[in-house]
Engineer: 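One structure follows; several queries about it will come next.
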2 protein chains.
Amino acid sequence: MSACNQLIIDRMQSPVQLIPQLAAHLIAAGGKRLRPMLTLSAARLCGYQGERHIGLAACVEFIHTATLLHDDVVDESELRRGQASANAIFGNKASVLVGDFLFARAFQLMVADGAPEVLRILSSAAATIVEGEVLQLVIQNDTASTEAQYLQVIEGKTAALFAAATRVGAVVADRPTQQAEALDSYGRNLGIAFQLIDDALDYSAVQEQLGKTVGDDFREGKITLPVLLAFARGGEEEKSFWRRVLEEREQSDADLTHALHLMRQHGVIEETVARARHYGDLALQSLAEFPDSAHRRALQGIVEFCIARVH
Amino acid sequence: MSACNQLIIDRMQSPVQLIPQLAAHLIAAGGKRLRPMLTLSAARLCGYQGERHIGLAACVEFIHTATLLHDDVVDESELRRGQASANAIFGNKASVLVGDFLFARAFQLMVADGAPEVLRILSSAAATIVEGEVLQLVIQNDTASTEAQYLQVIEGKTAALFAAATRVGAVVADRPTQQAEALDSYGRNLGIAFQLIDDALDYSAVQEQLGKTVGDDFREGKITLPVLLAFARGGEEEKSFWRRVLEEREQSDADLTHALHLMRQHGVIEETVARARHYGDLALQSLAEFPDSAHRRALQGIVEFCIARVH
């Protein structure tokens, strides 16, 4: 991981100073480095002893960071991980362009690896991520959206990169397709679980204790599972409320409090977490393909960690 | 070219309908298709008889279109090619994301080709383009910017993709490095000439006759050669004028008229066109590496076409 961090810092350099400045704000400032950790662990789980996984882990983190930068522009977010977001400090223009730069650097990193299968997996994932984000934009503010559409969004915007991150671990280790698919399934289900928890956290007091804002999704009128469940379980009066705040975006300060109250009443956060648990279990089952080892236990631990964030 | 157009339309499809809708607005609506034409012509000039150049030409057009979409967001443009820009119709958010999608599709197209040298050239070009655009953002509104910085901007944002577009023509044809470098030089110098003419056109009456707006760069405070020359050739009073309108962006309706007057007085449009002519000549000289042929004449004609736009 420290070799990967070093590579990330090396590859975000540019003669144009604004690029490393802005990239450092996001990348060097941290985050969990969850996705590169997945690539590194998956490769080791497959018995890989070389160093190609380091470049691919950095590539995965660059794709992720590029999408974060563009997400914050799209969502008009002021905060990211409890700090001022890059677009709030450097402006939307710089965030769009530096996101593009990180995308391009990600592609250079996969080209440096050069294996056709790796290139195919990671470049397809990049396209799928964006399709998920566009669909999210399309269904935003529409309470008539379906759970199937929501799942399609999170499978695209989140799970596709998790799946690619773990799958390439099997590819660099030259393991049979069955193991590549097991790791793909692990990553994909973990990604869905991760996003479900993220969406639950946005309406959870735990988030507030961590110094993060609650209700960002609410204010944007983002359609997530907690909202879809609360809408489905509410009577006509409640449905009108959700339409007013999410579709017409007429929100007073008291509306978020009321939304949280409705969610508690209908048990939607518990239900969202239960679904995350289900996908987490599917991720764990995918690992049955591999014998017990420290690396398998690490990947199992990541599932537990992702779900435990809500407690 | 018709095979390339078909591929462009095929590859902009997605189950998420907003993507082809928005992409069609820019891609299908046209533009000159100058960059894919360069790839097709360069490959044929090198005697290439296969079909790989079609996918690479589409890839080049996708990279170009992705950067156009993001440019319009960054520049807050209302118009593109005389029509409402995609961001004006679909919103900035959709433009950012569909730009990302086209970027990802471009990478999938180069991965489908798979040749390591092609991947290296095109992925490096993508990074260089963005570096040029970030530098443009950095020097924007700064009349103390130098001609060297301006050249660095246009070499990045425009010439790098022209150079890559032509260079890959030699690579698919498996021609020696000397010919790849000649085509790189052709594309790079053509790209510089093209951008110089574009920047001259932004202050030119010809632009107005074509139904396009004059003064977009002026309103944005963009630092282009006409402005740098007018600033350098003006006395203190004129320098104050340029600082007020470009740096502080205090502009009245009469200011653009005054700017155009100063430019005429100092002959800066003629000077910009003369420099474009110089780079155009360098592009033509690079073609000396190849014997006369219909394809060489086509590439020569493109140089003339690009420069003639100003008349």
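Note that the structure is predicted; figures quoted are calculated from it, not measured.
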Engineer: Does atom CD (A:Glu51) have a neighbourhood of more than 12 heavy atoms from anything else shown, all under 6.0 Å?
Structural biologist: no
Engineer: Are A:Phe162 and A:Phe194 an aromatic pair by the rule of ring centers under 6.0 Å?
Structural biologist: yes
Engineer: Please determine, among A:Ala126, A:Ser124, A:Ala94, the option with the most heavy-atom pairs under 4.5 Å with chain B.
Structural biologist: A:Ser124
Engineer: So which of B:Gly156, B:Ala104, B:Pro116 has the largest heavy-atom pair count under 4.5 angstrom toward chain A?
Structural biologist: B:Ala104
Engineer: With a 4.5 angstrom heavy-atom cut-off, which part of A:Val134 approaches chain B: side chain, backbone, both or neither?
Structural biologist: both
Engineer: What part of B:Leu137 gets closer than 4.5 Å to chain A, counting heavy atoms only: side chain, backbone, both or neither?
Structural biologist: side chain
Engineer: Please confirm whether the backbone N or O of B:Arg35 pairs with a side-chain atom of B:His64, one donor and one acceptor, at under 3.5 Å?
Structural biologist: no
Engineer: I need the single residue from A:Gln152, A:Glu133, A:Gln136 that forms a side chain to side chain donor-acceptor pair (under 3.5 Å) with A:Lys157. Which is it?
Structural biologist: A:Gln136
Engineer: Less than 4.5 Å to any heavy atom of chain B: does that hold for the side chain of A:Asp100, its backbone, both, or neither?
Structural biologist: both
Engineer: Is A:Leu135 in contact with chain B via its backbone, its side chain, both, or neither, using a 4.5 Å heavy-atom distance?
Structural biologist: both
Engineer: Does the A:Gln13 side chain pair with the main chain of A:Ile9, one donor and one acceptor, at a distance under 3.5 Å?
Structural biologist: yes
